[in-house]
Every structure is written in C-alpha cells, then in structure tokens.
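So the structure is just underneath, and the comments pick up after that.
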Amino acid sequence: MSSTGNEKEPSHFALPSPYQSPFRRWFAPKTGALRPFRLLKEDIRNYRTRLRSDWYFNQLILASAVYVFFTNLLPGITFSSDLYVKTDRNYGTIEVVLSTGICGIVFALFSAQPLTILGVTGPFCILSETIFDLCRDQFQIPYLPFMAWACLHSTWMHLLLAIFNAHDWTMGYVTTFSTEIFSLLNSIIYFHKSIQELERVHRNTSFASFLYSVIGCIGTFLVAVFLSTATKWKPPIFHKYIRMGLSEYAAAISIIFWIGMPNVGELADLNQERLPVSKTFSPTHPDRSVFFVEFWKLDVAWIFAAIIPGLIITTLFFFDVEVSTICATLPRYNIQKPGGYAWDVVLLGLTTGLCGILGIPPANGLLPQAPLHSESLLHKIPDPNYRPPSASTSIENTTTAHLDPPPKVQRVHEQRWSHLLHAVGIFAFTSPPLMHVLGLTPTSVLAGLFLFMGQQSLCTNPILYRFLDMLTPISVLEKPTQLGGSGKALPRGVSWTGVNMYNITQILLTVGIFVITFTKAAVAFPVVIVALVPVRLKWMRKWWARETLISLQGQV
C-alpha cells in the first residue's frame, strides 16, 4: 500500500547535488523537490486527458452508486446524531448531509481521482467535539466563527502543500505500517460509535425499546453481511443475476427492511429513538437562520489562535485523503488512468474553507468507503496483454489454444457517474420531504450499519489476519493446505517472532491513539498518527530484520 515505492527519494525528481546551495537544491527548475506547481501542472494535464473517457455508464456503476450512497449517507448521519449532542446542535443532520453532498459533487466533477469518496469522518467528529469543548469551557468564545477561521487557515495550508509538491516528500515515506494502523483506528471508531448509539437509546427510552434497538442493530448487521455473500451461494438458490443483485444491494436491502420493521404490529407502539432532523432547509441550531457564519466578527487574537486547529485539520485531512486515494487505487484494482494527488489536495482545501464559511463540518477522504467504492466497481475482462501461442507450436496445441478463451483480469470501472450520482442523491436529502424520511430512521439501524462498516473495513485489514495467525500454532500454519493447514511458509530470513511483534506493535499503537481521543490531548491525535512515519523511519530498522520489513510492507 506504499504510495510511491521508493521511500528514500520519490521517483518524480532526481536527488540534487549536495554541493548546491539549499535554495538551489530544493527549488532547482528540473530537480527541486519543492519546485512550485510541478505536480499541479502534471495533475491538471492528466485531468484534461482522462475527463472525456470518464463519462460512461452501465448497471454495475448504478449498483455501485446505490451502495456508496447508503454506506456514505447513513454513517454520516449517525455521526451527525453524535455531533448534535456534543456540539450543542451547532452541527446536526442537515449540516452533515449538506457538506457530504456539496463536497461529493465538487470532487465527482473536478477531482483527478473520482474513485476517492468524501464524507464527514469519525476522526474529524472527535476533533470538532474537542474543539467545541475548548471554545465553550476554556476559551468562552463562539464555536462556529472559530471553526470557520480554522477551516480558512486550513485552506491556505492545503494550497501550500499542493503548490510545493507535498505528496512527493511526505507520502513517499508512508508504508503499510501507518496506513494499516489508520484503517484499524477507523474500524474501532465505527464499532465504538455503534456502542455509543445504543448507550444513548438506553438512556433516553424504555428498556423494551432498548432491547428492540439491540435486536435492530444486530439484525441490520447480520442481514447485510449475509446478503453480501450472495454471489457465493451455490445453485439452485436463485438465478445468478438475483444473487449478484442481492450482493450489490445488501446494505440497502438490510437498511430498508429494518427501517420498516418498527412500524409493523405492536412494534409501532414502542418509543423508538430516531434521528433528529430539521423540518426546513435551515441550520439545526435555533439561533441560526442561514448557512453562513459571520467569521470576521471574531477577535483578532482568536483568529490567529485558530491557526493551531487549522494545522491539525490540515494534517488529518491531508493524510486522510492521501491514504484514501492510495487504498482506492491499490495494484489489485488494476487502475489504468492517471490520478492527481496535488490537484485533489487543492480541491479539498477549497471545500474545507467553503464548509467553514457555511457553518457545516468539512468532508474529507473516507475509509473504508473509498476502497469499498473500488471493490463495488470490480469486473472481469479478457486480459488485453494475453498473446496466444506462436504459430511455431504444433497444430494440435495451436488449435486447442484458439479454442480456449483468453484469461481474464480484474479491472475497475474508472468513471465519475457512481461518485456523482451518490453525491447528488445525498444532496437531495437536504430537502424537507426527504429529510423527513431520514427522521423515520431508528438509530438502532444506524448502529447496525456502523457495525457492518467496521466489519467490512476490518476484513480487508492485514492486521486482522496476522492476528489470527498469532493464535494458530506454527506447525498448522506451515502445513500444506491439502493437509488442513494454510501453507503460510515465511520467506527466507523472516521469522514468526518478528512478524508477530510487528503486528502487536501496530495493535498497541492503534489502541494508544484511540485512548488519546478520550483525553484532553484528543485535539492533537491526528498529529500522533502522522508521527508514526518518523517513528517507523528511525526505529523500525533497528528492531526488525530487513527481510521482515520487506515481507510485511514491501520496503525497509
């Protein structure tokens, strides 16, 4: 999952001579790592090259749009129910939905890599809730103007990162060590948010309603997981196209089913905890009438103080969108078209500033939605690089070769429709009638979807499988598969002790970062995540053998 492959020096530029002055070394016209606009020019050129071919459509793209719609909208509004309470209604459902819709449409139309999905994330929710507590209890200043300035500061910081080619001199050092930890942290946050929703139901409703909420949560999760495996069901259970449809729309079917269940029979009499929504197209907080923040009225001292949270937001968002894009364009997805990290960072900075002015939470790169978006667009095509045997082979072999179909490879539909359709659908839910429909959603369904999203993210994380290997005797692991083992023989020079200690280190660091989110230092936890990179560079080479690091993360 490494972003560039060569960690010592990214391949986009040559290493300048050490005998040059520092300015010449960094800003040289052809070799300077910080030469302004170098990556931006390349990204804009790539965007113009791919734009026309990005607009094609088929049934799988529609199914992907529906899938991403539910897996982006419902977790987002689940976060909104948490923000509604912990920011004293400054952020609510309509703010989260509006932000997700606007930022999604902008990225669908103008981003260099439309496979990357944007939305309001769990880490940002933790960050914004901590900033709210500081504004209310310590600073005693209005929250939204301070957040607006933090977002505006984040805008110019994003622009500087893009102008000076930050992707080359930052993500070139990021390996799967950091990205796997970040992905695992997101999974834990999903599971924790699910528990928080049930705790809130327990406090606010009767015990009978709470018990049904537990059933609804687990039911939503289990039905979604069960239907997602439909393509693996053996005939004669349904036609293959029905099984494909059940698998592609698994989350949507489960959500709709469990939203309808509380309205059946005696269940309708239960006092269900439902999502709080706005009845009109207006902000959630009763003191606000329009989506606009008078940010200029904040004292100058606090305007400059907002640079600190702006820096933290930039750190989180830059790392988030870069890792999300890397995960959405992994080698196994066979991405053919060029992307553009620098241009997408510019767009992210602009949308972050816009959201701050509107008084809505800014959206950034989503895990696990971004790689799940690519997964939902996977299809098989004949291998374009396949060449049949040459004419010099025997007549019998040549005839047989021509009769056999060429091998197939997996590809992703690299297009913009799935991103655009799901974002437009989410934006449509800011209208009062559709917002009312969201208000019918029991929070137990949202808790169940959080479990499903956490499970989907966790099941694609190598940390889980290495943890399961730790629980399995080595003799069984290395036994051939036909004898009941997994056949996981390690490469030469790699020991199970080194692999297990590597995995334990990742788990402990993830738990430590998650614990930090419950302390007064929670506002700085994105910096801790990014600090994993220099930690890896400085100490890991001393603790683990070279062969072990290459085996686990592809580089030293």
Side-chain angles (χ1 to χ4, degrees), residues 54-80 96-111 113-122 183 186 190 220 224-225 227-228 244-256 320-321 323-325 327-330 333 335 344 351 363-379 411-430 434 438 441 445-446 448-450 452-457 459-460:
D54 279 347
W55 296 103
Y56 67 94
F57 191 77
N58 58 37
Q59 187 276 334
L60 185 61
I61 293 172
L62 176 62
S64 174
V66 174
Y67 173 66
V68 178
F69 169 80
F70 281 103
T71 55
N72 195 356
L73 174 66
L74 292 181
I77 61 177
T78 308
F79 285 133
S80 74
V96 171
V97 174
L98 184 61
S99 170
T100 306
I102 291 175
C103 296
I105 291 172
V106 169
F107 261 70
L109 295 175
F110 303 110
S111 70
Q113 182 47 265
L115 293 175
T116 305
I117 298 298
L118 267 67
V120 178
T121 63
S183 178
N186 275 275
Y190 277 122
T220 303
V225 170
L227 293 180
S228 66
M244 288 173 57
L246 291 175
S247 177
E248 291 168 356
Y249 297 97
I253 294 170
S254 179
I255 290 164
I256 293 172
D320 227 342
V321 75
V323 171
S324 298
T325 303
C327 292
T329 56
L330 291 172
Y333 296 139
I335 301 300
D344 287 354
T351 55
N364 62 321
L366 284 177
L367 285 172
Q369 284 90 333
L372 290 179
H373 182 213
S374 297
E375 290 281 350
S376 66
L377 291 166
L378 273 176
H379 63 290
R411 285 280 173 84
V412 166
H413 287 298
E414 298 179 63
Q415 40 68 53
R416 298 178 184 270
W417 277 115
S418 58
H419 197 154
L420 179 62
L421 289 176
H422 107 270
V424 170
I426 290 175
F427 183 79
F429 271 79
T430 59
L434 293 179
L438 284 182
T441 306
V445 172
L446 306 181
L449 184 63
F450 263 134
F452 178 67
M453 297 298 296
Q455 179 262 345
Q456 293 286 294
S457 175
C459 286
T460 59

Notebook entry, point to check: Considering residues at least two apart in sequence or located in another chain, which fulfil the salt bridge (Lys or Arg N to Asp or Glu O under 4.0 Å) criterion with Glu375?
Noted result: Arg332
To the nearest 0.5 Å, tell me how far [X] [atom1] sits from [Y] [atom2].
| X | Y | atom1 | atom2 | answer |
| --- | --- | --- | --- | --- |
| Phe57 | Leu62 | CZ | CG | 4.5 Å |
| Ser374 | Gln113 | OG | CD | 7.5 Å |
| Ser418 | Leu60 | OG | CG | 9.0 Å |
| Phe107 | Leu115 | CZ | CG | 13.0 Å |
| Phe70 | Ile255 | CZ | CD1 | 6.0 Å |

Donor-acceptor under 3.5 Å ([X] side chain, [Y] main chain):
| X | Y | result |
| --- | --- | --- |
| Thr220 | Ser254 | no |
| His413 | Leu377 | no |
| Arg416 | Ala108 | yes |
| Thr100 | Gly119 | no |
| Ser228 | Ser247 | no |
| Asp320 | Leu366 | no |
| Thr430 | Phe427 | yes |
| His419 | Ile117 | no |

If you look at every heavy atom in [X] and [Y], which pair is closest and at what distance?
| X | Y | answer |
| --- | --- | --- |
| Gly101 | Ile426 | N-CG2, 3.9 Å |
| Gly425 | Phe69 | C-CE1, 3.5 Å |
| Tyr333 | Cys327 | CE1-O, 3.3 Å |
| Ala224 | Ala251 | CB-CA, 4.3 Å |
| Ala328 | Ala370 | CB-O, 3.8 Å |
| Leu118 | Asn72 | O-ND2, 3.0 Å |

Item checked: Leu446 vs Thr441, side chain to side chain contact (heavy atoms under 4.5 Å, CB included): CA-CA, chis, key distance, verdict -> CA-CA 8 Å; Leu446 306 181; Thr441 306; 3.7 Å; yes
Checklist line | Those residues that, when tested against Thr116, pass side-chain hydrogen bond (donor to acceptor under 3.5 Å, both in side chains) (two or more places apart) | finding: Thr325
Next item on the list: Using a 4.5 Å cut-off on heavy atoms from C-beta on, say whether the side chain of Val68 contacts that of Leu372.
Entry: no
Margin query: Once side-chain contact (heavy atoms from CB on, under 4.5 Å) is applied, do any residues pair with Leu109, and if so which ones, sequence neighbours excluded?
Written below: Trp55, Ile105, Leu420
